[in-house]
Amino acid sequence: MFNKILIANRGEIAIRVIRACKELGIKTVAVYSKADSMSLHRMLADEAVCIGEAASIDSYLYIPNIISAAQITGAEAIHPGYGFLSENQNFVEICEAHDIKFIGPSLNTMMNMSDKAMAKRIAREASVPVLPGSEGAVKDVEDAKTIAKEVGFPVIIKASFGGGGRGMRIARDLKELSHYFEIAQNEALSAFGNPDVYIEKFVENPKHIEVQVLGDGKGKALYLYERDCSVQRKHQKLIEESPCPVLDDAQREDICKRAASLAAMIKYEGAGTLEFLYDKGQFFFMEMNTRLQVEHGVSEMVCNQDLVKWQIKIAAGEELTIDQEDIKINGHAIECRINAEDPENNFMPDAGKAEQLIFPGGPNVRIDSFIYSGYEIPPYYDSMVAKFLVWGNDREEAINRMKRVLSEFKVEGFSTTADFHAKVMDNKTFTNGKYTTKFLEENV
Ligand code: MV4
């Protein structure tokens with residue numbers, strides 16, 4: 001096992017990783033920017049190294065200083081958390097070159113999955129269902145038209161190296177397709193440095209369901225079931241839950257088995273997530289995220305597993321000592337992301353000093369956060385300040401518990417999304433479980 005791990009991140013996820021390390025008896029190194037000198041992750045780690053200026057590009061994304069911090073402190077491994085360098089292939093290569101273990105999948109896996117057209121090809125090969133569309137990147141408008149006529153309108157044009165909803169265009173007829181095709185290529189080039197785009201059938205009103213997998217890097221892979229992440233706004237998730245409220249056991253088992261078999265086929269190492277669109281009983285693979293995700297905690301709660309400890313153990317070369325039959329869904333878990341944003345003002349980010357902070361508590365409640373009374377939220381980073389997770393014997397109990405949790409939460413100094421979440425917990429489309437990715441546009 002590692003003696004010391006550096007956490008190349010900040011906020012709640014840095015703390016989440018530090019906690020796992022502490023429980024495993026591993027020493028921790030925090031890195032922090034000049035804007036984060038009062039941050040909790042810095043204080044909770046055994047050691048801390050300042051890695052640069054407030055702007056992420058000069059600190060949490062600045063690879064030379066992070067590698068130097070690992071070398072100076074003697075950290076043998078780096079946990080990247082999510083965001084920042086977690087899916088940066090250059091960073092993985094540099095860690096390797098410096099004999100530092102990157103806690104995550106191999107460079108080759110990250111490279112393959114960053115190419116969404118390639119990821120789809122791998123999925124098809126592993127009998128994971130995908131949407132009809134182009135085989136890889138589309139050359140030109142004529143090619144695009146041919147494919148669109150085959151699959152039928154509407155179609156969606158996506159950047160091969162995009163993701164998270166950026167650089168997508170929907171075309172409802174040939175005229176729109178010829179109009180958007182080159183625009184999409186140009187957007188892809190300027191946003192992702194590569195003009196490749198692919199085309200697939202557009203699904204009008206899907207759910208976003210994702211399957212959590214865990215691989216040992218040697219061909220054994222397990223699933224920790226699925227999460228329904230359909231409550232999103234502008235491609236930002238706001239609420240996640242596990243299990244998905246509308247799946248039956250046969251559908252659930254089928255898609256989860258296929259997801260794990262893909263992970264096994266590519267000898268996936270560590271924690272990963274396969275994202276699907278779900279519509280009228282059918283799943284369609286979108287992309288695979290090769291990192292720990294914000295919402296991993298809901299899977300941990302229903303599966304009674306610690307994903308971060310598994311990531312660390314697997315990276316250290318330990319065996320994945322559990323089997324699929326050891327992972328059963330117990331009850332129901334929901335997460336609400338508490339952002340320092342004003343839902344009354346278009347969810348505008350709202351930094352400020354946290355005062356009179358009261359966090360909820362009680363049975364089956366998990367609060368993952370980094371704020372404390374007197375803490376000034378720096379304006380440079382993500383607006384998420386806490387995750388409230390609850391577990392219930394069933395979904396109804398989890399929803400009632402979340403309402404109770406949200407009502408206990410108090411903070412002054414900035415607006416939060418807490419009251420917005422309370423409204424969602426009372427919304428009929430949410431409580432009946434049939435909400436889709438269009439839910440927030442159409443409701444609340
Ligand atoms: C789609 C789609 C409909 N049909 N692809 C958005 C994020 C990116 N990962 C994929 N996205 C979508 N791809 C086809 N063929 C609709 C979306 C989409 C979406 C997906 C998940 C969650 C929220 C969303 C909001 C708008 C569009």
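Worth knowing before you read on, the calculation uses all heavy atoms, side chains too, and leaves out hydrogens, waters and symmetry mates. Read the numbers this way: they start at 1 and go in the same order the structure lists the ligands and their atoms.
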Which N or O atoms of ligand 1 sit under 3.5 Å from a protein N or O, and how far apart is each pair?
unit_1	atom_1	unit_2	atom_2	d
ligand 1	4 (N)	V203	N	2.8
ligand 1	5 (N)	K158	NZ	2.9
ligand 1	9 (N)	E287	OE1	3.1
ligand 1	13 (N)	K158	NZ	3.0
ligand 1	15 (N)	E200	OE2	3.0
ligand 1	15 (N)	K201	O	2.7

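- Remark: E53 engages K34 in a side-chain hydrogen bond (donor to acceptor under 3.5 Å, both in side chains) (not counting sequence neighbours).
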Would you check, one step at a time, whether the test side-chain hydrogen bond (donor to acceptor under 3.5 Å, both in side chains) holds for N339 with T417?
CA-CA 6 Å; N339 297 343; T417 47; 4.8 Å; no

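- Within the structure, ring-ring contact (aromatic ring centres under 6.0 Å, His included) contacts touching residues 187-235 (residues at least two apart or in different chains) are Y223-Y225.
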Can you give me every donor-acceptor pair (side chain of residues 148-160, partner residue at least two apart or in another chain, under 3.5 Å) with its distance?
unit_1	atom_1	unit_2	atom_2	d
K158	NZ	E200	OE2	2.9

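- By the 4.0 Å N-to-carboxylate-O rule, R121 lies too far from E125 to be salt-bridged with it.
- Electrostatic pairing of D426 and K423 does not count as a salt bridge here, judged by no charged N lying under 4.0 Å from a carboxylate O.
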